[in-house]
Amino acid sequence: MGVPLVGVAALYVIAAFAAPSPLLRIALRCAPILPLAIWTIWFDRSRPLEHHPPMIRSAGRALLLILVMAFVIAVLGLGLNWLYDPNRVV
């Protein structure tokens, strides 16, 4: 079962670095981080903001998710686009 997944993962990485559209490359590089960020912020045992009221907890977690994804887009998206192909930066 793992061998076909390695092939699919290899194609995914190649597409993430060789796609013709810079926005598609950024989306492909950042997409795997979103489920990890959601799991860490909402469902992990050591959840942040656990002892705050529900409204502050929800708003804080949403803000944390936005900040994490902004960081990921800056590093994996724009940074790698600039590093590998400065002429095609968004």
Any side-chain heavy-atom pair from Leu80 and Ile26 closer than 4.5 angstrom?
-> no

Rounded to the nearest 0.5 Å, the CG atom of Leu28 sits from the CG atom of Leu23 at a distance of 11.0 Å

ask   = Taking the six-membered ring of Phe17 as reference, does the NZ or CZ atom of Arg29 fall below 6.0 Å from its centre and within a 45° cone about the axis?
value = yes

CD1 (Ile66) and CZ (Arg61) are apart, to the nearest 0.5 Å, by 14.5 Å

Note to self: Would a single hydrophobic cluster contain both Val13 and Val8, if residues Ile, Leu, Val, Met, Phe, Trp and Tyr are joined by side-chain heavy-atom contacts under 4.5 Å?
What the structure shows: no

| said: With clusters defined by side-chain heavy atoms of hydrophobic residues (ILVMFWY) lying less than 4.5 Å apart, directly or transitively, does Leu65 cluster with Phe43? | reply: yes

To the nearest 0.5 Å, atom CD1 of Ile56 lies from atom NE2 of His51 at 14.0 Å

Arg57 and His52 have their tightest heavy-atom pair at NH1-O, 3.1 Å

Nearest heavy-atom approach of Gly77 to Cys30 is N-SG, 4.3 Å

Heavy-atom closest pair (Pro32 atom, Pro35 atom, distance to 0.1 Å) is O-CD, 3.5 Å

The reported gap from CG in Leu64 to CD1 in Ile41 (rounded to nearest 0.5 angstrom) is 5.0 Å

Output for pair (Met69 CE, Ile33 CD1), nearest 0.5 Å, gives 7.5 Å

Heavy atoms of Ala31 and Tyr12 approach each other most closely as CB-OH, 3.7 Å

